[in-house]
Amino acid sequence: LAATKASGPSGALPSGLAGLLMSRVERVSDAAQLVLRAAAVAGRRASDDLVRAAAALPEAAYDEAVREAVAHQLLVPDGADGYAFRHALLREAVYNDLLPGERTRLHARLAALLSDVMGAAAELAHHSLASHDVPGAFIASIRAGEEAQRIGAPAEAHRHYDQALALWDRVPDAELLAGMSRGKLGLRSALAAAASGDVPRAVHLLRRIRMLLDRDDAKSRAVVEDDPSLLSRVGERLAYYLLQGENREWFIEALRVAGDTV
């Protein structure tokens, strides 16, 4: 399985293996297949309530469909209120078998269901992006970063903040939606990267923020005027992280940055 996984295009399952896995799925009823498709879009593990709402089946029909999927060893109960696929490759085969429009609609339905759920911002960002709701994914990514910070998961916070930064140019009124400037969001991402142990990534981000804020244009000047301490905070953190490096170039740059900041 490991060898065939790498042989597919872009890491996709080879058609022969995908067909073998899907032959098991095609033995169950249409309702059970609908539940499997909803569960595949929901993720490796999905709550019963979420799959039920996404499948949009009557209650009795849904319960019978889930029972059938479990009986055929396609789904397994996972915890008190959820299900998981028997094997990750099975979920991947079902997910890849979805038509593009069908996949997008299911992701959009799941995003709508998760929009008001506390602690589900990371899932919301994933489903929003997969359903082509870029502004929704942008806002949810920032929320997910904040949630990860609150529970002491800096690597996850950095990943979510970085995703928001990657979406920034694709979102109209990004600063208004984020409630902060691009520089401040970049600083959050850099601090989270450093807290997770990835100091080189933090240095890279802080260098880019300084370049952004040092540009002589109206937007950069407006950001600095709105938050005069931002540039000095970026410079202080950059100098501090550079001093943690072991090469001479970083040390020299740290002295220059510290001088500029002062």
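Inter-residue side-chain proximity for L36 and V25 is flagged as met; some heavy-atom pair is nearer than 4.5 Å. Counting only heavy atoms from C-beta outward, the side chains of S189 and L191 never approach each other to under 4.5 Å. Between Q33 and V28 there is a side-chain heavy-atom pair separated by less than 4.5 Å. Y62 is listed as a side-chain neighbour of V35, based on a closest heavy-atom distance under 4.5 Å. Side-chain contact between V41 and V94: absent, with no pair of heavy atoms (C-beta onward) separated by less than 4.5 Å. Side-chain contact between R201 and L205: present, with at least one pair of heavy atoms (C-beta onward) separated by less than 4.5 Å. Contact check for Q73 versus R24: side-chain heavy atoms found under the 4.5 Å cut-off.
Heavy atoms only, all atoms of each residue included: G183 and I209 are closest at O-CD1, 3.8 Å. Closest heavy-atom contact between R109 and A56: NH1-CB, 4.2 Å. Here the closest non-hydrogen pair linking A42 and L50 is CB-CD2, 4.5 Å. Scanning both residues, A120 and L114, for their nearest heavy atoms gives CB-CD2, 4.0 Å. The two residues E68 and A32 have their closest heavy-atom pair at OE1-CB, 3.6 Å. When all heavy atoms are compared, the tightest approach of L124 to A111 is CD1-O, 3.2 Å.
For R91 (side chain) and R45 (main-chain N/O), no donor-acceptor pair under 3.5 Å exists by modelled atom type. No donor-acceptor distance shorter than 3.5 angstrom exists from the side chain of R210 to the backbone of V234, with no hydrogens or angles considered. Formation of a donor-acceptor pair under 3.5 Å by the D173 side chain with backbone atoms of L176 is not found in this model. A donor-acceptor contact shorter than 3.5 Å is absent between the side chain of D198 and the backbone of A194. In terms of modelled atom types and a separation under 3.5 Å, the side chain of H87 and the main chain of L89 share a donor-acceptor contact.
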**Study point:** Stepwise side-chain contact (heavy atoms from CB on, under 4.5 Å) check, E64 with E59
**Key:** CA-CA 9 Å; E64 185 59 34; E59 187 170 337; over 6 Å; no

**Study point:** Full working for side-chain contact (heavy atoms from CB on, under 4.5 Å) between I142 and L177
**Key:** CA-CA 10 Å; I142 295 174; L177 289 177; over 6 Å; no

Practice item. Kindly determine whether R52 and D63 satisfy salt bridge (charged side-chain N to carboxylate O under 4.0 Å, His left out), including the steps that lead there. Key: CA-CA 9 Å; R52 184 188 299 270; D63 289 339; 3.3 Å; yes

Point to revise | CA sep, side-chain torsions, deciding dist, call: L165, R188, side-chain contact (heavy atoms from CB on, under 4.5 Å) | key: CA-CA 11 Å; L165 286 168; R188 282 193 183 187; over 6 Å; no

Practice item. Take D49 and L113 through the test side-chain contact (heavy atoms from CB on, under 4.5 Å) and record every step on the way to the result. Key: CA-CA 10 Å; D49 289 342; L113 292 167; over 6 Å; no

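For the pair R44 and F85, the NZ or CZ position fails the cation-pi test of under 6.0 Å to the six-membered ring centre and within 45 degrees of the ring normal.
The pair R159-E156 meets the salt-bridge criterion, since a charged nitrogen lies less than 4.0 angstrom from a carboxylate oxygen. Between D97 and R37 there is no salt bridge, since no side-chain nitrogen of the basic residue lies less than 4.0 Å from a carboxylate oxygen of the acidic one.
If you check the side chains of D81 and S47, you find no donor sitting under 3.5 Å from an acceptor. Side-chain contact annotation: S196 with H158, donor-acceptor N/O pair under 3.5 Å absent. Counting only N and O atoms by type, the side chains of S181 and E175 include no donor and acceptor under 3.5 Å apart.
Relative ring orientation between H107 and H127 is described as tilted, the plane-to-plane angle lying within the 30° to 60° band.
Evaluation of the side-chain hydrogen bond (donor to acceptor under 3.5 Å, both in side chains) rule for Q149 yields Y161 as partners, not counting sequence neighbours.
Taking CG of L106 as the start and OG of S131 as the end, the distance is 10.5 Å to the nearest 0.5 Å.
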